[in-house]
Q: 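Right, I'll just put the structure down here and ask away after.
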Amino acid sequence: MTTPGSRKKRHYWLMKSEPDGFSIDDLKRVGTEPWNGVRNYQARNFMRQMQPGDGVFFYHSNCKVPGIVGLAQVASVAYPDPTQFDPKSDYFDPKSTHEEPRWSLVDVSHERTLKRTIPLDEIKQHADALGDGFALTQRGSRLSVLPVTAAQWKLLLSLE
DNA sequence: GCCAACGTTGGC
DNA sequence: GCCAACGTTGGC
């Protein structure tokens with residue numbers, strides 16, 4: 001049963017990148033980027049759930065001020081990460097086959113760069129409101145692609 | 001299938 | 001640069 005004009009719910013995500021390797025400015029410059037190199041099953045499974053138009057927080061990790069630096073959009077459904085088949089790539093996976101690719105990616109496109117970085121230490125101050133289920137502030141979590149609820153999205157955006 | 005050793009992530 | 005936490009590997 002589909003009503004005219006109805007559409008699937010938009011989901012939200014957070015994706016980490018090291019700015020030394022690929023920053024929000026890089027994403028702005030190229031416009032759209034295949035999010036290759038994810039070699040973690042949990043992160044991969046989240047990417048397989050993504051739909052074009054989903055919202056993405058672009059997060060800078062492993063840098064001076066880790067935090068959310070921009071908004072992006074999922075620009076494709078998941079498809080096989082070509083770097084897994086490339087022996088010259090750092091992300092080459094000799095155990096993956098074209099018949100049954102092990103790793104997936106989505107394309108991500110720049111939406112806007114935030115007026116300021118929302119630093120991790122500031123995000124942590126809202127840990128209670130964000131909830132225990134939020135992987136970014138979970139102790140020991142290193143997940144680089146993680147889901148964000150609509151409520152978390154709204155709260156984090158309000159910190160800009 | 002256990003688990004020690006190793007490699008990686010990522011905040012600090 | 002340090003190191004805690006985690007995931008993966010491989011011997012047994």
Side-chain angles (χ1 to χ4, degrees), chain A residues 11-30 33-50 54-74 78-149 151-153 155-160:
Chain A
H11 289 90
Y12 301 98
W13 311 92
L14 182 146
M15 300 173 91
K16 298 180 184 175
S17 185
E18 301 193 9
D20 288 350
F22 190 79
S23 71
I24 186 69
D25 290 339
D26 293 324
L27 184 63
K28 185 176 185 182
R29 183 168 41 77
V30 299
E33 178 77 0
W35 204 265
N36 59 33
V38 171
R39 294 294 180 268
N40 170 281
Y41 287 103
Q42 220 183 332
R44 180 204 70 179
N45 292 342
F46 286 135
M47 287 201 290
R48 289 182 175 178
Q49 295 172 27
M50 291 181 181
D54 281 0
V56 175
F57 279 135
F58 194 103
Y59 179 95
H60 279 175
S61 67
N62 207 8
C63 57
K64 197 155 189 182
V65 183
I68 297 167
V69 294
L71 304 185
Q73 284 202 28
V74 175
Y79 60 96
D81 179 344
T83 63
Q84 72 195 303
F85 306 123
D86 178 3
K88 293 192 294 290
S89 169
D90 287 345
Y91 304 126
F92 177 60
D93 184 348
K95 292 180 186 163
S96 187
T97 65
H98 281 86
E99 291 70 32
E100 275 190 75
R102 181 175 294 189
W103 303 111
S104 301
L105 55 71
V106 294
D107 293 339
V108 172
S109 56
H110 184 270
E111 188 172 328
R112 71 178 177 88
T113 300
L114 296 189
K115 295 191 281 283
R116 70 173 188 108
T117 298
I118 302 170
L120 177 62
D121 57 11
E122 206 173 309
I123 293 170
K124 282 179 173 169
Q125 293 168 19
H126 300 270
D128 284 351
L130 290 164
D132 316 334
F134 191 44
L136 186 69
T137 46
Q138 252 168 20
R139 173 186 165 81
S141 172
R142 301 177 312 185
L143 202 53
S144 64
V145 176
L146 53 107
V148 176
T149 67
Q152 289 163 347
W153 179 268
L155 169 60
L156 291 167
L157 253 192
S158 76
L159 301 179
E160 184 183 1

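Order of the sequence lines fixes the chain letters, A, B, ..., with proteins taken first and strands second; residue numbering starts at 1 for each chain.
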Q: Backbone N or O of A:Ser109 within a donor-acceptor pair of the A:Gln73 side chain at under 3.5 Å?
A: no

Q: Heavy atoms, side chains only, cut-off 4.5 Å: are A:His60 and A:Pro66 in contact?
A: no

Q: Whole angstroms only, please: what is the CG-P distance between A:Asn62 and C:dC2?
A: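 From A:Asn62 CG to C:dC2 P: 15 Å.
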
Q: What is the separation between atom CG on A:Leu14 and atom C1' on B:dG10, rounded to the nearest whole Å?
A: 14 Å

Q: Whole angstrom is fine here: how far is it from CD1 in A:Ile68 over to C1' in B:dG11?
A: 16 Å

Q: Does anything in residues 96-145 of chain A pair up under ring pair (Phe, Tyr, Trp, His ring centres under 6.0 Å), and if so which pairs, sequence neighbours excluded?
A: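 Counting only pairs at least two positions apart or across chains, the ring pair (Phe, Tyr, Trp, His ring centres under 6.0 Å) contacts touching residues 96-145 of chain A are A:Tyr41-A:Trp103, A:Phe85-A:His98.
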
Q: Indicate, with a heavy-atom threshold strictly under 4.0 Å, whether A:Lys64 touches base, sugar-phosphate, or nothing.
A: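 Nothing, no heavy atom under 4.0 Å.
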
Q: Would you list the protein and nucleotides 7-9 of chain C atom pairs, both N or O, that sit under 3.5 Å from each other?
A:
unit_1 : atom_1 : unit_2   : atom_2 : d
C:dG7  : O4'    : A:Arg142 : NH2    : 3.4

Q: Are the charged groups of A:Arg29 and A:Asp26 less than 4.0 angstrom apart, N to O?
A: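 The answer is yes: the pair qualifies as a salt bridge.
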
Q: Can A:Asp81 and A:Arg39 be counted as an ion pair, charged N to O under 4.0 angstrom?
A: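 Yes, charged N to carboxylate O under 4.0 Å.
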
Q: What do the steps show when you test A:Tyr79 against A:Asp107 for side-chain hydrogen bond (donor to acceptor under 3.5 Å, both in side chains), and what is the final call?
A: CA-CA 9 Å; A:Tyr79 60 96; A:Asp107 293 339; 2.6 Å; yes

